[in-house]
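Below is one structure; the comments refer to it alone.
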Amino acid sequence: MLKQRIITAVVLLAILLPALFYPSYVPFAWVMLALIGAAAWEWGRLNDYGPRLSLFLGAEMILLCGLTWWLGLLQVPLLAVWIVASAAWVLGGAALLRVAVPGWPRVPKGLRLVGGLLALWVAWLAAVQARMVGINFLLSILVLVWVADVFAYFTGRAFGLRFTRNKLAPTISPGKSWEGVWGGMAGVIVLALAWVWADSAAQASDPSLYTRLTERGWWLLLISVVFLSAMSVVGDLVESLIKRSAGAKDSSGLLPGHGGVLDRIDALLPTLPIAMMLAFL
């Protein structure tokens with residue numbers, strides 16, 4: 001399993017890093033297009049749509065993103081999209097976590113399908129537009145999610161249930177604790193402050209998300225990164241809820257040792273559009 005994880009990670013990095021750092025955003029947009037198409041296929045499978053229809057959904061997602069690209073919407077400010085998507089994630093995420101696993105099958109199947117595909121489409125738009133803003137800007141969003149996850153894991157392992165009696169969401173993800181969430185928030189605050197200092201020291205021509213937020217006040221930076229950390233947890237829990245309802249351990253086996261694409265991008269689905277909203281509101 002460890003060998004599989006290492007090989008898969010190396011292959012993914014060999015594809016993603018050249019696309020990310022290429023002078024043009026186009027290679028990155030193509031790589032993200034493939035990933036989002038695969039995630040749409042997984043979404044169909046998790047919602048019991050069968051192999052053929054799931055493949056159709058993956059192809060449909062690729063066509064939708066491609067049409068968006070062809071129509072030139074990537075060059076258009078999409079603040080209204082980010083606001084609507086952010087509100088949907090906050091309200092919808094809260095509602096889903098409230099009803100937990102038993103509540104998911106009660107959501108109309110068509111609404112589940114459309115909602116999931118729209119979330120993937122918006123995530124693709126946000127990721128590509130963030131790359132168009134700049135590599136430093138996009139990385140500051142991606143690294144925030146990874147740092148929140150890593151700090152939450154190790155803090156949860158070290159201090160889980162030391163200060164609270166109840167786990168975060170025992171019926172959805174029994175391994176997560178409130179201490180882990182707080183550790184993740186602390187980690188992203190340290191990350192944000194360090195990144196702002198690094199931007200200033202390097203006189204970055206491509207400001208990070210954190211530097212953009214500090215231009216409107218340090219208070220906004222602190223509130224925003226804590227909020228983004230919390231929403232990354234919501235994205236992770238929502239996908240876990242859906243997998244439990246479907247009786248699946250992973251969203252698929254596309255990434256040996258890592259599960260599926262949705263397993264790797266679940267925390268980014270709410271975080272990307274919310275970060276875009278906060279940066280450009």
Side-chain angles (χ1 to χ4, degrees), residues 32 35-36 39-40 42-43 46-47 61 65 78-100 103-104 107 111-131 133 137-152 168-169 172-173 176 180-181 184-185 187-188 191-192 209-210 213 220-221 223-245 251 259-281:
M32 287 302 300
L35 291 175
I36 292 297
E42 293 175 350
W43 185 251
L46 287 175
N47 286 278
M61 177 56 57
C65 294
L78 298 173
L79 180 58
V81 174
W82 312 141
I83 293 173
V84 171
S86 300
W89 266 110
V90 171
L91 298 176
L96 286 175
L97 296 182
R98 181 181 178 85
V99 299
W104 179 247
V107 179
L111 180 60
R112 282 186 271 156
L113 174 66
V114 173
L117 294 180
L118 285 176
L120 291 172
W121 174 66
V122 169
W124 180 80
L125 281 174
V128 177
Q129 277 211 347
R131 172 59 184 82
V133 172
F137 178 75
L138 173 59
L139 277 176
S140 65
I141 301 172
L142 299 181
V143 175
L144 179 146
V145 172
W146 299 334
V147 166
D149 185 54
V150 170
F151 270 70
L168 177 64
I172 299 173
S173 186
K176 287 185 170 56
V181 173
M185 291 176 177
V188 299
L191 171 74
L209 169 67
Y210 315 121
L213 292 172
L220 180 61
L221 171 69
I223 292 173
S224 296
V225 297
V226 167
F227 179 51
L228 287 169
S229 176
M231 290 308 299
S232 73
V233 176
V234 170
D236 185 280
L237 287 175
V238 167
E239 201 236 355
S240 296
L241 179 155
I242 294 165
K243 287 191 298 184
R244 282 191 174 274
S245 179
S251 58
V261 175
L262 280 172
D263 295 320
R264 300 277 64 84
I265 67 170
D266 51 9
L268 287 168
L269 295 181
T271 308
L272 281 165
I274 291 173
M276 293 295 286
M277 178 193 71
L278 292 171
F280 298 106
L281 187 63

**OP:** Check the pair Leu113 / Trp43 against side-chain contact (heavy atoms from CB on, under 4.5 Å), numbers first and verdict last.
**Re:** CA-CA 8 Å; Leu113 174 66; Trp43 185 251; 4.2 Å; yes
With heavy-atom distances below 4.5 Å as the criterion, would you say the side chains of [X] and [Y] are in contact?
X: Tyr210; Y: Leu144; result: yes
X: Phe280; Y: Val133; result: yes
X: Lys176; Y: Val181; result: no
X: Trp121; Y: Leu118; result: yes
X: Ile223; Y: Leu213; result: no

Keeping the roles fixed (side chain from [X], backbone from [Y]), state whether a donor-acceptor pair exists under 3.5 Å.
X: Ser232; Y: Ser229; result: yes
X: Ser173; Y: Ala169; result: no
X: Thr271; Y: Ala267; result: yes
X: Asp149; Y: Trp146; result: no
X: Glu42; Y: Val261; result: yes
X: Arg112; Y: Val107; result: yes

For the [atom1] atom of [X] and the [atom2] atom of [Y], what is their distance to the nearest 0.5 Å?
X: Ser86; Y: Met231; atom1: OG; atom2: CE; answer: 8.0 Å
X: Leu262; Y: Leu46; atom1: CG; atom2: CG; answer: 6.5 Å
X: Asp236; Y: Ile265; atom1: CG; atom2: CD1; answer: 12.5 Å
X: Met32; Y: Ile36; atom1: CE; atom2: CD1; answer: 4.5 Å
X: Leu268; Y: Ile274; atom1: CG; atom2: CD1; answer: 11.5 Å

**OP:** Could you check Val234 against Leu96 for side-chain contact (heavy atoms from CB on, under 4.5 Å), going step by step and ending with a plain yes or no?
**Re:** CA-CA 10 Å; Val234 170; Leu96 286 175; over 6 Å; no
Shortest non-hydrogen contact from [X] toward [Y]:
X: Ser251; Y: Lys243; value: N-CD, 3.7 Å
X: Gly235; Y: Trp89; value: CA-CZ3, 4.3 Å
X: Ile172; Y: Arg244; value: O-NE, 2.5 Å
X: Met61; Y: Leu117; value: CE-O, 3.1 Å
X: Trp104; Y: Ser245; value: CD1-OG, 3.4 Å
X: Pro273; Y: Val122; value: CB-CG1, 3.8 Å

**OP:** Pick out which of Leu78, Leu272, Leu120 makes a side chain to side chain contact (heavy atoms under 4.5 Å, CB included) with Leu125.
**Re:** Leu78
Subject >> Leu209: which of Leu228, Val143, Val225 passes side chain to side chain contact (heavy atoms under 4.5 Å, CB included) >> reply: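 Running side chain to side chain contact (heavy atoms under 4.5 Å, CB included) over Leu228, Val143, Val225 with Leu209 returns exactly one hit, Leu228.
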**OP:** Could you walk me through whether Leu168 and Val233 pass the side-chain contact (heavy atoms from CB on, under 4.5 Å) test, one step at a time?
**Re:** CA-CA 10 Å; Leu168 177 64; Val233 176; 3.8 Å; yes
Original post:
Where do Phe137 and Met276 land on the side-chain contact (heavy atoms from CB on, under 4.5 Å) test, with the steps shown first?
Top reply: CA-CA 10 Å; Phe137 178 75; Met276 293 295 286; 3.6 Å; yes
